[in-house]
Amino acid sequence: LEASQEPADEESVDVGGLTALIRNDVLAARSPCPAIELETDSDVRILGAESELYSAFWNLVQNAAKYTPADGRILIRWFADDSGGYLSVSDTGVGMDPGTREKIFDLFFSSKGSKGTGLGLYISQKVVGQHGGSIQVWSQKGRGSRFLVRIPRSGPAPEATVASNG
């Protein structure tokens with residue numbers, strides 16, 4: 001991921017179908033698992049590397065499932081406008097304090113201490129950046145988190161940003 005600024009093997013990706021697959025894979029991998037709802041408001045496809053996007057998006061949903069109690073809720077939403085496509089992953093999980101939220105995209109940072117590798121969100125951010133996109137995060141300790149991925153139809157590749165809770 002460090003060596004390349006371009007996604008590998010670009011193709012037309014059906015993100016709605018990809019998110020349905022990710023939802024099913026996360027539900028199958030976690031027991032118990034919170035309810036995971038899926039809303040796809042758009043059939044817009046994006047140009048990219050499907051396997052890389054799967055990895056990036058799967059990590060966001062898997063983290064939501066990991067940090068949300070079984071009686072909680074996760075919402076995956078895919079929608080688009082004239083500028084591009086958006087993947088939103090929101091949950092009613094444990095949320096993050098501001099200090100944690102500021103570091104989540106850092107290589108080897110893990111909120112799980114020695115039980116985590118600190119690679120998941122770092123890789124997600126790199127993949128999204130290679131596709132010209134960005135990730136914004138809103139989170140409140142005890143209330144949950146929301147990750148918003150934006151993949152533009154065209155344009156430069158900005159770095160991930162962390163939004164305030166405003």
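Numbers here simply count residues along the sequence, with the first being 1.
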Side chain to side chain, Thr40 and Thr19, heavy atoms closer than 4.5 Å: yes
Contacts of type side-chain hydrogen bond (donor to acceptor under 3.5 Å, both in side chains), residue Asn24, not counting sequence neighbours: none
OG-CD distance between Ser12 and Glu50, expressed to the nearest 0.5 angstrom: 9.5 Å
Gly48 to Val13 - nearest heavy-atom pair and separation: O-CG2, 3.6 Å
Residues Val137, Met96; criterion side chain to side chain contact (heavy atoms under 4.5 Å, CB included); working and verdict: CA-CA 10 Å; Val137 181; Met96 294 175 272; 3.9 Å; yes
Ring geometry between Phe147 and Phe105 (parallel below 30°, tilted from 30 to 60°, perpendicular above 60°): perpendicular
For Asp14, all residues meeting side-chain contact (heavy atoms from CB on, under 4.5 Å), sequence neighbours excluded: Arg45
Sequence-distant partners of Asp41, salt bridge (charged side-chain N to carboxylate O under 4.0 Å, His left out), two or more places apart: Arg77
Pairs where residues 132-142 contributes a residue and the test salt bridge (Lys or Arg N to Asp or Glu O under 4.0 Å) is met, not counting sequence neighbours: none
Rounded distance (nearest 0.5 Å) linking atom CZ of Arg101 with atom CD of Gln140: 8.5 Å
Side chain to side chain contact (heavy atoms under 4.5 Å, CB included) partner of Trp78, the single match among Asp43, Val149, Val15: Val15
Side chain Asp25, main chain Ala28, donor-acceptor under 3.5 Å: no
Under 3.5 Å, sequence neighbours excluded: what are the donor-acceptor pairs made by side chains of residues 30-38?
residue, atom, partner, partner atom, Å
Glu37, OE1, Arg73, NH2, 3.2
Glu37, OE2, Arg73, NE, 2.6

Verdict with reasoning, Ile151 to Tyr86, per side chain to side chain contact (heavy atoms under 4.5 Å, CB included): CA-CA 6 Å; Ile151 306 287; Tyr86 300 85; over 6 Å; no
From CG (Leu53) to CD (Gln130), nearest 0.5 Å: 10.0 Å
Hydrophobic cluster membership, Val44 vs Leu18, 4.5 Å side-chain cutoff: no
Atom pair CG (Asn63) and CG (Leu121), whose distance is rounded to the nearest 0.5 Å: 5.0 Å
Set of side-chain hydrogen bond (donor to acceptor under 3.5 Å, both in side chains) partners for Ser145, sequence neighbours left out: Ser139
Backbone N/O of Ala65 and side chain of Thr68: donor-acceptor pair under 3.5 Å: no
Pairs meeting criterion side chain to side chain donor-acceptor pair (under 3.5 Å) with involvement of residues 87-96, two or more places apart: Ser88-Arg146
Test side chain to side chain contact (heavy atoms under 4.5 Å, CB included) applied to Leu60 and Ile74, Ile76, Val89, the passing residue: Val89
Between CG on residue Asp106 and CD on residue Gln125, distance to nearest 0.5 Å: 9.5 Å
Minimum heavy-atom distance Glu52-Val127, with the two atoms named: O-CG1, 3.4 Å
Transitive ILVMFWY side-chain link Leu75 to Phe79, under 4.5 Å: no
Listed partners of Val94 passing side-chain contact (heavy atoms from CB on, under 4.5 Å), at least two apart: Tyr67
Transitive ILVMFWY side-chain link Val128 to Tyr54, under 4.5 Å: yes
His131 side-chain N/O to Ala49 backbone N/O, donor-acceptor pair under 3.5 Å: yes
